[in-house]
Amino acid sequence: MKKSNSLKITLELLWWVVTAIVVWLVLRPINQAMHVWPFEFTNVLFVVVLLTLTRYIFLLKHTFISHQQILKIVLMFLMFPLTFLLVERVNEFLGFIEEQTWEPLTGHLPPMQQPVIEEYIWGQMLFFGVGSALAAPAFAIRMMLSIWRSRNRGTV
């Protein structure tokens with residue numbers, strides 16, 4: 001394996017460790033305060049998708065997919081269903097809060113702690129949810145640009 005490829009794979013693994021730490025830090029206050037968090041998988045999905053796609057958008061030339069044209073085409077087309085899935089999950093969260101309020105989630109907490117955790121959950125879910133839903137089409141555009149640049153200019 002070339003030194004460049006092994007360095008890119010090492011960097012990729014390091015970024016996945018950083019992503020796992022960020023996921024843990026984001027979910028830690030929720031897991032400490034709540035008995036059940038029904039949107040835990042969705043929350044993890046939002047954080048991972050936003051961090052990973054944003055990283056690929058801006059640092060594509062430093063990743064192992066930078067020169068793999070077929071993989072970029074596949075990823076570009078996968079962003080369309082992913083965008084719809086992410087928007088659906090944001091809508092599912094908003095619908096749950098609108099229909100059932102916060103009571104089933106934070107009703108067991110002391111009255112002073114409820115607004116704090118509710119505001120935290122609301123803010124981070126919308127930030128990562130909407131951010132990931134916007135990052136997916138931006139990533140598809142970046143893949144299309146990278147494919148064009150590779151074919152016509154020889155760059156990433």
Side-chain angles (χ1 to χ4, degrees), residues 1-31 34 36-100 102 104-105 117-156:
M1 186 182 322
K2 292 181 182 177
K3 186 175 181 178
S4 174
N5 285 340
S6 66
L7 186 62
K8 287 180 180 182
I9 291 172
T10 304
L11 187 60
E12 183 73 22
L13 292 173
L14 179 67
W15 272 109
W16 279 104
V17 169
V18 169
T19 302
I21 291 169
V22 171
V23 167
W24 180 77
L25 288 172
V26 167
L27 290 178
R28 186 169 179 237
I30 298 169
N31 289 333
M34 313 235 319
V36 176
W37 177 229
F39 296 101
E40 187 166 18
F41 174 76
T42 301
N43 207 169
V44 170
L45 178 71
F46 288 163
V47 175
V48 169
V49 167
L50 179 62
L51 292 178
T52 304
L53 294 185
T54 303
R55 176 171 52 91
Y56 282 148
I57 289 168
F58 294 107
L59 301 173
L60 183 63
K61 69 179 180 180
H62 303 293
T63 65
F64 68 95
I65 67 168
S66 61
H67 296 290
Q68 297 182 11
Q69 299 298 87
I70 303 225
L71 181 59
K72 287 192 281 189
I73 291 169
V74 169
L75 289 173
M76 181 179 69
F77 284 116
L78 285 176
M79 290 305 110
F80 296 109
L82 180 64
T83 302
F84 289 113
L85 173 75
L86 294 168
V87 170
E88 181 183 331
R89 293 296 177 122
V90 170
N91 190 35
E92 183 181 303
F93 171 72
L94 294 174
F96 180 87
I97 299 302
E98 183 179 302
E99 291 173 10
Q100 299 187 14
W102 289 99
L105 298 175
I117 195 70
E118 289 169 3
E119 186 175 328
Y120 174 76
I121 292 171
W122 182 262
Q124 66 90 19
M125 281 292 283
L126 288 182
F127 174 77
F128 288 109
V130 173
S132 62
L134 292 174
F139 178 73
I141 291 168
R142 177 65 171 103
M143 289 297 100
M144 189 181 336
L145 179 64
S146 176
I147 293 165
W148 184 88
R149 282 181 181 168
S150 294
R151 186 163 174 83
N152 295 314
R153 293 187 183 171
T155 63
V156 178

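Computed from a predicted model, the values in this text were never measured in an experiment. Count residues from 1 along the sequence.
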(Q) Does Q100 have more than 12 heavy atoms from other residues, nucleotides or ligands lying within 6.0 Å of its CD? (A)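 Buried by this count: over 12 neighbours within 6.0 Å.
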Q | CA sep, side-chain torsions, deciding dist, call: W102, I121, side-chain contact (heavy atoms from CB on, under 4.5 Å) | A | CA-CA 10 Å; W102 289 99; I121 292 171; 3.8 Å; yes
Q: Mind running side-chain contact (heavy atoms from CB on, under 4.5 Å) on I21 and L25 for me, showing each step along the way?
A: CA-CA 6 Å; I21 291 169; L25 288 172; 4.0 Å; yes
Any side-chain heavy atom of [X] sitting closer than 4.5 Å to one from [Y]?
X	Y	result
P29	Q124	no
V18	L51	no
R55	E12	yes
L11	F64	no
T54	L59	no
I30	E40	no
P137	M79	no
V26	Y120	yes

Atom [atom1] in [X], atom [atom2] in [Y]: separation rounded to 0.5 Å?
X	Y	atom1	atom2	answer
F58	T63	CZ	OG1	14.0 Å
Y56	K72	OH	NZ	12.5 Å
L105	F96	CG	CZ	4.5 Å
I70	L75	CD1	CG	12.0 Å
L53	L86	CG	CG	8.5 Å
S150	Q68	OG	CD	11.0 Å

Q: Would you tell me whether S66 and K61 have side-chain atoms, one donor and one acceptor, within less than 3.5 Å of each other?
A: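 On atom types as modelled, these side chains do not qualify, holding no pair under 3.5 Å.
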Q.
Just by distance, no angles: are the side chains of R149 and T155 close enough, under 3.5 Å, to form a donor-acceptor pair?
A.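 Per modelled atom types, R149 and T155 side chains form no pair under 3.5 Å.
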With distance as the sole test, does [X] use its side chain to make a donor-acceptor pair with the main-chain N or O of [Y] at under 3.5 Å?
X	Y	value
S146	R142	no
S132	G129	yes
N91	V87	no

Q | Check: F127 ring centroid to F46 ring centroid under 6.0 Å | A |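 Not close enough - the centres of the two rings lie 6.0 Å or further apart.
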Q.
Between W16 and V48, does the side-chain contact (heavy atoms from CB on, under 4.5 Å) criterion hold? Intermediate values first, please.
A. CA-CA 9 Å; W16 279 104; V48 169; 3.7 Å; yes
Q) When you look at H62 and W15, which way does the side-chain contact (heavy atoms from CB on, under 4.5 Å) test go after all the steps? A) CA-CA 12 Å; H62 303 293; W15 272 109; over 6 Å; no
Q) Do the rings of F93 and W122 sit parallel, tilted or perpendicular, given the 30° and 60° boundaries? A)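 Rings of F93 and W122: tilted, as their planes differ by 30° to 60°.
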